[in-house]
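Working notes, structure below.
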Number of protein chains: 2
Amino acid sequence: MGETSGAGEPTLEEQIAAYQREFQDLDPQVEQIVSALSRLNRRMNVAYGRQTAELGITNADWEVLKALVLSGAPYRMGPSDLAKRLGLTPAAMTHRIDRLVAEGLVTRERDESNRVRVIIELTGDGREKWMEAMRLATVFEADLLQDLSPQERTALGEVLTRLLIRVEDAQPDAGGRLSDLDDTV
Amino acid sequence: MGETSGAGEPTLEEQIAAYQREFQDLDPQVEQIVSALSRLNRRMNVAYGRQTAELGITNADWEVLKALVLSGAPYRMGPSDLAKRLGLTPAAMTHRIDRLVAEGLVTRERDESNRVRVIIELTGDGREKWMEAMRLATVFEADLLQDLSPQERTALGEVLTRLLIRVEDAQPDAGGRLSDLDDTV
DNA sequence: GCTGAAGACTTAGAAGCTAAAGTTCAACGC
DNA sequence: GCGTTGAACTTTAGCTTCTAAGTCTTCAGC
C-alpha cells in the first residue's frame, strides 16, 4: 500500500505507522525518538566504517587504538585491561594485538619489573592513525550537525547526556560484545 | 590522574576531556552529542539483546521477524527481498531461514505460481514472539525517556528526525553488515 | 627450593559470514 | 518442440573472529 521503493528501507514515518498498525499500545512519540536514535547510529557506524576502511584498518583495530589513546600518555595498557575495556576474552585480545603489532600500530613487550605482565604501547604510527581517523570523523560529525543552531546543539547535548547518565546508572556493567542489531528497530 | 575506576569505562565527561587533550581541534559540543548518541545506542542494544535472549531468540532472528512484520499482513517475503532488506548475501539468508523454520517462527514453501520462488511466511508463533519482544522493548523505552517532559520529547523527536533525514539523504544506500563499532566513540 | 596463583598464550571448536558452483524452473528464440 | 539463457534459491568450501579450556612462564610466600 503505502510502500515507497521496492525492498528498500521504509522511511521513519512509514515504519512507525506500520508498527502502530501491528502493535496497538505503541507510543508513537517514544518510538520516533528511539527509532531515530537507532537509525542515526546505524548511519554513523556506516560512515565510521568507511573511514576506517579508507585508512586500511578494521573497526576492531580502531577500538583498540581508541582505548589506548584514552588511557593518556604514555599510551600503555596490559592485554587484560584492554580485554576488560573492550569486553573480550583474553584469547581474543591476543589475536587482535597480534594483528596490530603486525601492522606496526602498537608494540608488545614484557614488563621488566614484573615479567608476567605484558605492556601494549601505541607507536607513533598508531597515534598518527588514530589522529587521521579523528580528522575524518570530525568532518563527518560537523556535517551531520550542520543544520542545528547553537541553542539546539546545547539542548540536544544536555538531553542526550541526561538520558545516558540514566541508562548507565541503571546497567552499570559496560562489557559485552554486541555485534549485530545495528539495524532498524 | 582523573581516572575513576580501574579498567572501567570513563564517564562521558572524562572521555571528552581526554579526547580534547589529544586532539586540539575537537569541538566539545559536537563530540558530546555524537558520543552520547553512540553510548546511548550501545546501552539500548545491550538491553534489546538481553530481551531477545530472554525470549530464546537471537538478534539475527529478531531482525528477520521485524522485516516480516513491517511488510504487513500476510507477512510474506521472498528470501532475496529479505536478504536485500537485511544487507546479507542470499546464502547467509538461507541459513537464517533454516534456523527460523526449525524454531517454528516462519514457514518456507514454494510459490506454486512460479516454482523457482520461495515464500517465507511468519507463523502465529513468530508473530507472537515479535509481540513479546515489542512489549519488553516498549517497557524499556518508556523507562529510558521517563525523565523527559512532553516538550522535551517533542523537541528531541523533531531534532533527531531532522538529523536522520539529512544523513539518510546523504548516504542513500542502506545495506551493509556492520557488526562491531557499537563501542565508545 | 617448592608450591600456588596470576597473566598471557595456544589449541580446539563453534558460529556466522562470503564467494562461487550447483540445482531447479520459467521464458524466449529459432 | 527443443535448447539456451537467466533468475532464485541452495549447497559447498573457506575465512574470520569469537569462546572455552589447557599450557607455559613468572612471581610471592613458606
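Within every chain, numbering begins at 1; the chains are lettered A, B, ... in the order of the sequence lines, protein sequences first and strands thereafter. Just so it is clear, the model here is predicted, and its values are computed rather than measured.
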- prompt: To the nearest Å, how far apart are B/R117 CZ and C/dA27 P?
  reply: 10 Å

Salt-bridge contact B/R50-B/E54 (side-chain N to carboxylate O under 4.0 Å): no

- request: Indicate whether OP1 or OP2 belonging to C/dC9 is found under 4.0 Å from a side-chain N or O atom of A/T94.
  value: yes

field: Of B/S113 and A/I119, the one whose closest DNA chain C nucleotide lies more 5'
entry: A/I119

Gap between atoms CE and C1', on A/M93 and D/dC18 respectively (whole Å): 13 Å

message: Among C/dC17, C/dG7, D/dT19, which nucleotide has an atom closest to any side-chain atom of A/V116?
response: C/dG7

field: Spacing of A/D98 atom CG relative to C/dT11 atom P, expressed in whole Å
entry: 12 Å

query: Of all the choices, C/dC9, C/dT24, D/dT12, which nucleotide is nearest to the side chain of A/R108 once you look at every atom?
result: C/dC9

- prompt: Between C/dT18 atom P and B/R96 atom CZ, what is the distance in whole Å?
  reply: 9 Å

query: Roughly, in whole Å, what's the span from CD1 in B/I120 to C1' in D/dA8?
result: 12 Å

query: Is it true that A/E103 and A/K129 make a salt bridge, defined as a side-chain N closer than 4.0 Å to a carboxylate O?
result: no

- prompt: Is A/R162 paired with B/D147 through a side-chain N to carboxylate O contact shorter than 4.0 Å?
  reply: no

task: Return the value, rounded to whole Å, for the distance between atom CD of A/E112 and atom C1' of D/dT25.
output: 14 Å

field: Basic-acidic side-chain contact under 4.0 Å: A/E128, A/R135
entry: yes

field: Most 5' of A/N114 and B/R110 on DNA chain D, judged by nearest nucleotide
entry: B/R110

message: Can you tell me which nucleotide in D/dT10, C/dA26, D/dT19 comes closest to the side chain of B/R115?
response: C/dA26

field: Atom-pair distance (NE2 on A/H95; P on D/dT19), nearest Å
entry: 10 Å

message: Which nucleotide wins on minimum distance to the side chain of A/R99, given the candidates D/dC27, D/dT17, C/dA26?
response: D/dT17

query: Is A/P79 touching bases, backbone alone, or none of the nucleic acid, heavy atoms closer than 4.0 Å?
result: sugar-phosphate

message: Taking A/E63 first and then B/R42, would you say they form a salt bridge - that is, a charged N and a carboxylate O separated by under 4.0 Å?
response: no

task: Grab the CD-P distance between B/E109 and D/dT10 for me, whole Å please.
output: 13 Å

